[in-house]
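Data block below; observations after.
In what follows, residues are counted from 1 in the order of the sequence shown.
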Amino acid sequence: PYVPDFVLPLKIAVEVDGYTHFYAFSQRLTAKSELKRRILRALGWGVVSLPHFHWLELGHQEKLVFLIEQIEEVSQSSLSVVQRTPLEGFSPPLHRSFDRRPKGKL
């Protein structure tokens, strides 16, 4: 099964597209990444894509603006509407754990 990188209210999936999502030396999505998007869209999800080659060129403020614009475009709503909408159908935790310490050690 395909799992979005991040899920927002209003059935918005955010895909962080690193280099493995693209064919070598290109900006063309792999067949696997394309299929994932088609399946998500067929299930009624909007997909926000953050391609590495564009994202890495942006400064901090530009990244925020780009992300907000993409979310608003996909949701066809303002960011404030997306923020106020409850996220339904998901149980916490909604984020991946990035703690890489071995279990049982501090």
Side-chain angles (χ1 to χ4, degrees):
Y2 293 111
V3 178
D5 292 320
F6 297 94
V7 173
L8 302 177
L10 303 178
K11 291 184 81 170
I12 300 170
V14 178
E15 287 296 308
V16 179
D17 295 325
Y19 68 94
T20 61
H21 289 259
F22 298 90
Y23 289 109
F25 308 108
S26 80
Q27 295 182 4
R28 187 171 154 237
L29 284 171
T30 62
K32 181 180 177 183
S33 292
E34 282 286 354
L35 178 61
K36 182 177 183 180
R37 280 166 176 62
R38 284 198 311 266
I39 290 170
L40 285 168
R41 289 186 181 116
L43 293 171
W45 286 79
V47 179
V48 170
S49 177
L50 305 177
H52 71 94
F53 50 83
H54 181 67
W55 187 256
L56 294 175
E57 294 177 344
L58 302 175
H60 179 72
Q61 190 65 31
E62 294 168 314
K63 287 177 180 177
L64 293 175
V65 170
F66 177 73
L67 184 57
I68 291 167
E69 288 173 350
Q70 294 299 306
I71 292 169
E72 289 179 339
E73 181 180 325
V74 168
S75 69
Q76 298 179 346
S77 301
S78 70
L79 183 63
S80 62
V81 170
V82 175
Q83 289 174 313
R84 288 193 310 265
T85 304
L87 186 59
E88 297 176 4
F90 292 90
S91 302
L94 297 174
H95 58 84
R96 296 178 181 171
S97 173
F98 291 101
D99 186 0
R100 303 209 190 288
R101 293 178 291 174
K103 300 280 186 223
K105 296 184 179 183
L106 296 175

Minimal non-hydrogen separation, [X] against [Y], with atom names:
X	Y	answer
Phe66	Leu58	CB-CD1, 3.9 Å
Gly18	His52	C-CD2, 3.4 Å
Phe22	Pro51	CZ-CB, 3.9 Å
Pro86	Pro9	O-CB, 4.0 Å

Are [X] and [Y] connected in the hydrophobic side-chain network, where two residues link if heavy atoms are under 4.5 Å apart?
X	Y	result
Leu43	Val7	yes
Leu50	Tyr19	no
Val16	Phe53	no
Phe25	Leu29	no

TODO: Begin with the C-alpha distance, continue with both residues' side-chain angles, and end with the deciding distance and a verdict on side-chain contact (heavy atoms from CB on, under 4.5 Å) for Val48 and Phe6.
DONE: CA-CA 10 Å; Val48 170; Phe6 297 94; over 6 Å; no
Considering the options Val74, Ile68, Leu10, Leu87, which one meets the side-chain contact (heavy atoms from CB on, under 4.5 Å) requirement together with Val82?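 Result: among Val74, Ile68, Leu10, Leu87, Leu10 is the only option passing the side-chain contact (heavy atoms from CB on, under 4.5 Å) with Val82.
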Please, which pairs that meet salt bridge (charged side-chain N to carboxylate O under 4.0 Å, His left out) have at least one residue in residues 61-71, sequence neighbours excluded?
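Output for this query is empty, none listed.
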* Any salt bridge (charged side-chain N to carboxylate O under 4.0 Å, His left out) pairs touching residues 29-47, not counting sequence neighbours? ->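 Those involving residues 29-47 are Glu15-Lys36, Asp17-Arg37.
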Residue set satisfying side-chain hydrogen bond (donor to acceptor under 3.5 Å, both in side chains) with Ser75, at least two apart, ordered chain then number -> none
Value for OG (Ser78) from CZ (Arg84), rounded to nearest 0.5 Å, stands at 6.0 Å
- prompt: Between Glu72 and Leu79, is there a donor-acceptor pair closer than 3.5 Å when you use the side chain of the first and the backbone of the second?
  reply: yes
